[in-house]
Number of protein chains: 2
Amino acid sequence: MARITIVEDDLLMREELMDILQKEGYEAVAMEDFQDIALQIATLVPDLVLLDINLPEQSGFEICKSLKSKGIGPILILTSRDKLQDELHGFHLGADDYLIKPCNRNRLLARIQNLLRRFKEQPKLVDGGSFSLDPNTFTLYKGSRSLLLSANEGRILLALVEHRPEIVSKSTLSELLWGTEQYIDENALQVNLTRLRKTLRQIDLENHIETIRGQGYRLRGR
Amino acid sequence: MARITIVEDDLLMREELMDILQKEGYEAVAMEDFQDIALQIATLVPDLVLLDINLPEQSGFEICKSLKSKGIGPILILTSRDKLQDELHGFHLGADDYLIKPCNRNRLLARIQNLLRRFKEQPKLVDGGSFSLDPNTFTLYKGSRSLLLSANEGRILLALVEHRPEIVSKSTLSELLWGTEQYIDENALQVNLTRLRKTLRQIDLENHIETIRGQGYRLRGR
DNA sequence: AGAAACACTTACAAATATTGAAAGGAAAAA
DNA sequence: TTTTTCCTTTCAATATTTGTAAGTGTTTCT
């Protein structure tokens, strides 16, 4: 289950939060020492941080900023009703959601669930403008549709995406596929390109590979 | 390029927004008739809605709520500084970001870009707890890693995910793979299960398929 | 227009991956 | 221990991917 770090100086509130989260099955950890807190949190590698704004040592905003600069996951800010302005400020500093204290149990859990879903580690896909490509499995995504490319198709398309919007020469592609720099009349490359184009058509990516006569190929558009 | 709908009653402001967006290459459309506006917007199928809060006929909040209930994409709320409270309210109603008027051109464009990126249509992956599966190509994602399953592996895992955390009987799986309801001693199923488990191990998903002796298989908890 | 160079397509076989059958081993229940 | 259920490995059939070959289009140049 997900790990949640609680940053809240009010003891009562803290224990209540702990209780709610643990009963829900979360692995909740409350910070007790409020010095160098961003650093401490970073070592915990939490899936989510519950962050109170009014803290003794340091402002919650400072912490928020610092956590975000470390790439630490979603931050849910807790604050009191009379600090609404501050909350907006919190959004600017990279907090991902906020909640007004005292907060309703269900609302809290709902927000947490929502954030965890949103921040679940995303697969690394490369951006081809109007599609994305998984550079590992060569799964091609367009909108909500997906399609598998063969190894050769995938490697060619990946090269084109990575060089976009530049032209990729046939010798570069030849090198990529067979390790041989020289492009004499590698008909094989041509065949593979035809196949890739045909496959792309299946997912409504017509005319996306442009031929630059004598120079190579280039991926169209944004 | 992306389509943006502008909802703003102040003519000057509207034209300025149009101008900024169009110069940036967006396909901007400004609403002129403020009646039944959510309905109108829905027919435009915009990629993003720029929504002013102070409108003549209807409150921007109503519109926001209504748009969200229709599943209309990201909403960027425009408001004046003295309406900060309202902005928070806007977040509750499902707005995705807000901006204080009068707004800086670059900030506006940055926010828009950010929202468009965030809302770019996501591939449909089913959630297996500690992994996701593309039900179409049977690409398996765990964290930022990915892996291809063979057709049989994929179909079995998909069935397990879809029934999670229930038990899936061998006859169900047999039916799924070969259309034959009866599970006599389909050794083939067993073989495919072994293969699936082996493949899952490659991506650190050990012991995720639990055997319930005499009943079938089940995917282990989240 | 005709020739030459370059780009594209289709059909076929060799190489590669996936699949189910067979046979036997391992673990749990009786 | 015996029986039942589940698991694993090997092997041949099948399906997919790939390069070769042979030819057709298209652009450029004279």
Side-chain angles (χ1 to χ4, degrees), chain A residues 136-140 147-160 167-180 182-202 205-220, chain B residues 136-140 147-160 167-180 182-202 205-220:
Chain A
N136 183 35
T137 62
F138 302 132
T139 309
L140 177 64
L147 181 73
L148 270 183
L149 302 180
S150 78
N152 278 352
E153 291 169 345
R155 289 194 288 165
I156 293 173
L157 185 58
L158 184 57
L160 291 173
I167 298 169
V168 181
S169 72
K170 293 199 180 192
S171 52
T172 302
L173 292 174
S174 187
E175 160 88 60
L176 178 82
L177 290 178
W178 304 285
T180 159
Q182 258 116 304
Y183 174 80
I184 324 279
D185 177 285
E186 293 284 12
N187 177 245
L189 175 57
Q190 191 52 69
V191 171
N192 278 290
L193 249 145
T194 296
R195 284 176 183 148
L196 172 55
R197 281 175 164 151
K198 191 169 157 192
T199 306
L200 290 181
R201 250 173 272 141
Q202 287 177 25
L205 290 170
E206 202 120 13
N207 288 72
H208 267 248
I209 298 173
E210 185 180 5
T211 306
I212 315 296
R213 202 183 169 81
Q215 297 191 64
Y217 301 92
R218 162 169 74 180
L219 212 58
R220 272 233 166 76
Chain B
N136 182 35
T137 61
F138 302 133
T139 309
L140 178 64
L147 182 71
L148 270 182
L149 302 180
S150 77
N152 278 351
E153 291 169 345
R155 288 194 288 167
I156 293 173
L157 184 58
L158 183 57
L160 292 172
I167 298 169
V168 180
S169 73
K170 293 199 180 190
S171 52
T172 301
L173 292 174
S174 187
E175 160 87 57
L176 177 82
L177 289 180
W178 304 285
T180 159
Q182 259 116 301
Y183 175 79
I184 325 282
D185 178 282
E186 294 284 13
N187 176 247
L189 175 58
Q190 191 53 69
V191 171
N192 279 288
L193 248 145
T194 296
R195 285 177 182 147
L196 172 55
R197 281 175 164 150
K198 191 169 158 191
T199 306
L200 291 181
R201 251 175 271 139
Q202 287 178 24
L205 291 169
E206 203 120 12
N207 288 77
H208 267 249
I209 297 175
E210 186 181 5
T211 306
I212 316 295
R213 206 182 167 80
Q215 297 190 64
Y217 301 92
R218 162 169 71 184
L219 212 58
R220 275 235 166 72

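Not measured: the values here are computed from a predicted model. Lettering follows sequence order; numbering is per chain, from 1. These numbers come from the heavy atoms of this one structure, side chains and all, not from hydrogens, waters or symmetry mates.
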Review item, nucleotides 12-16 of chain D N/O atoms under 3.5 Å of protein N/O:
none

Distances for protein N or O near nucleotides 21-23 of chain C N or O, under 3.5 Å:
unit_1, atom_1, unit_2, atom_2, d
C/dA22, N7, B/Asn187, OD1, 3.2
C/dA22, N6, B/Asn187, OD1, 3.0
C/dA23, N6, B/Asn187, ND2, 3.2

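Using a 4.0 Å heavy-atom cutoff across all strands shown, A/Thr211 reaches sugar-phosphate atoms only and no base atom.
Rounded to an integer number of Å, the gap from A/Leu193 CG to C/dC6 P is 17 Å. Distance CZ (A/Arg201) to C1' (C/dT9): 10 Å, rounded to an integer number of Å. Atom CZ of A/Arg218 is separated from atom C1' of C/dA7 by 17 Å (rounded to the nearest Å). Whole-Å rounding puts the B/Leu196 CG to C/dT19 C1' distance at 15 Å. Distance B/Gln190 CD to D/dT10 C1': 16 Å, rounded to the nearest Å. In this structure, CG of B/Leu173 is placed 16 Å from C1' of D/dT5, rounded to the nearest angstrom. Taking atom CD on B/Gln215 and atom C1' on D/dT4, their separation rounds to 16 Å, with Å as the unit. Here the C1' atom of nucleotide C/dA17 and the CZ atom of A/Phe138 are 16 Å apart, to the nearest Å.
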List the steps and the verdict of side-chain contact (heavy atoms from CB on, under 4.5 Å) for B/Leu219 and B/Val168. CA-CA 9 Å; B/Leu219 212 58; B/Val168 180; over 6 Å; no
With side-chain contact (heavy atoms from CB on, under 4.5 Å) as the test, would you mind laying out the steps for B/Leu173 and B/Leu177 before giving the verdict? CA-CA 6 Å; B/Leu173 292 174; B/Leu177 289 180; 5.5 Å; no
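Note: B/His208 NE2 to B/Leu200 CG = 8.0 Å, rounded to the nearest 0.5 Å. Distance CG/B/Leu196 to CD1/B/Ile209: 4.0 Å, rounded to 0.5 Å. Between the CD atom in A/Gln202 and the CG atom in A/Leu149 there is a gap of 9.5 Å [rounded to 0.5 Å]. One finds the CG atom of A/Leu193 at 7.0 Å from the CG atom of A/Leu160 (value rounded to the nearest 0.5 Å). The CD1 atom of A/Ile156 sits 5.5 Å away from the CG atom of A/Leu189 when rounded to the nearest 0.5 Å.
Taking every heavy atom of residues 150-159 of chain A and every atom of DNA chain C, no pair lies under 4.0 Å.
By the side-chain contact (heavy atoms from CB on, under 4.5 Å) test, A/Thr211 pairs with A/Arg197, A/Tyr217, sequence neighbours left out. Remark: A/Ser169 engages A/Ser171, A/Thr172 in a side-chain hydrogen bond (donor to acceptor under 3.5 Å, both in side chains) (not counting sequence neighbours). Partners of A/Asn152 under the side-chain hydrogen bond (donor to acceptor under 3.5 Å, both in side chains) rule, at least two apart in sequence or in another chain, are A/Arg155, A/Asn192. A/Arg195 pairs by the side-chain hydrogen bond (donor to acceptor under 3.5 Å, both in side chains) definition with nothing, not counting sequence neighbours. In this view, B/Arg218 and B/Glu210 satisfy the salt bridge (charged side-chain N to carboxylate O under 4.0 Å, His left out) rule, not counting sequence neighbours.
Sequence order on DNA chain C of the closest nucleotides to A/Ile212 and B/Leu149 puts A/Ile212 first from the 5' end.
Considering all non-hydrogen atoms of both residues, B/Thr199 and B/Leu148 come closest at CG2-O, 4.3 Å. Here the closest non-hydrogen pair linking B/Leu147 and A/Thr137 is N-CG2, 3.5 Å. A/Ala151 and A/Phe138 get closest at one heavy-atom pair: O-CE1, 3.7 Å. In this structure, B/Leu176 and B/Ala159 approach most closely via the heavy-atom pair CD2-CB, 3.8 Å.
Inter-axis angle, ends of the helix from C/dA1-D/dT30 to C/dA30-D/dT1, five pairs per end, rounded to 10 degrees: 30°.
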What one-letter contact string describes nucleotides 25-30 of chain D from 5' to 3', where B marks a base within less than 4.0 Å of any protein heavy atom, S marks contact via sugar-phosphate atoms alone, and - marks no contact? --BS--
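At C/dT19, none of the side-chain N or O atoms of B/Trp178 fall inside 4.0 Å of OP1 or OP2 (strictly under the cut-off). Checking the phosphate oxygens (OP1, OP2) of D/dT8, a side-chain nitrogen or oxygen of B/Thr194 falls inside 4.0 Å. For C/dC8, one of the phosphate oxygens OP1 or OP2 lies less than 4.0 angstrom from a side-chain nitrogen or oxygen of A/Tyr217. Between B/Lys170 and the phosphate of D/dC6, there is a side-chain N or O to OP1/OP2 separation shorter than 4.0 Å.
Here the side chain of B/Asn192 is nearest to one of C/dG20, C/dC8, D/dC7, namely C/dG20.
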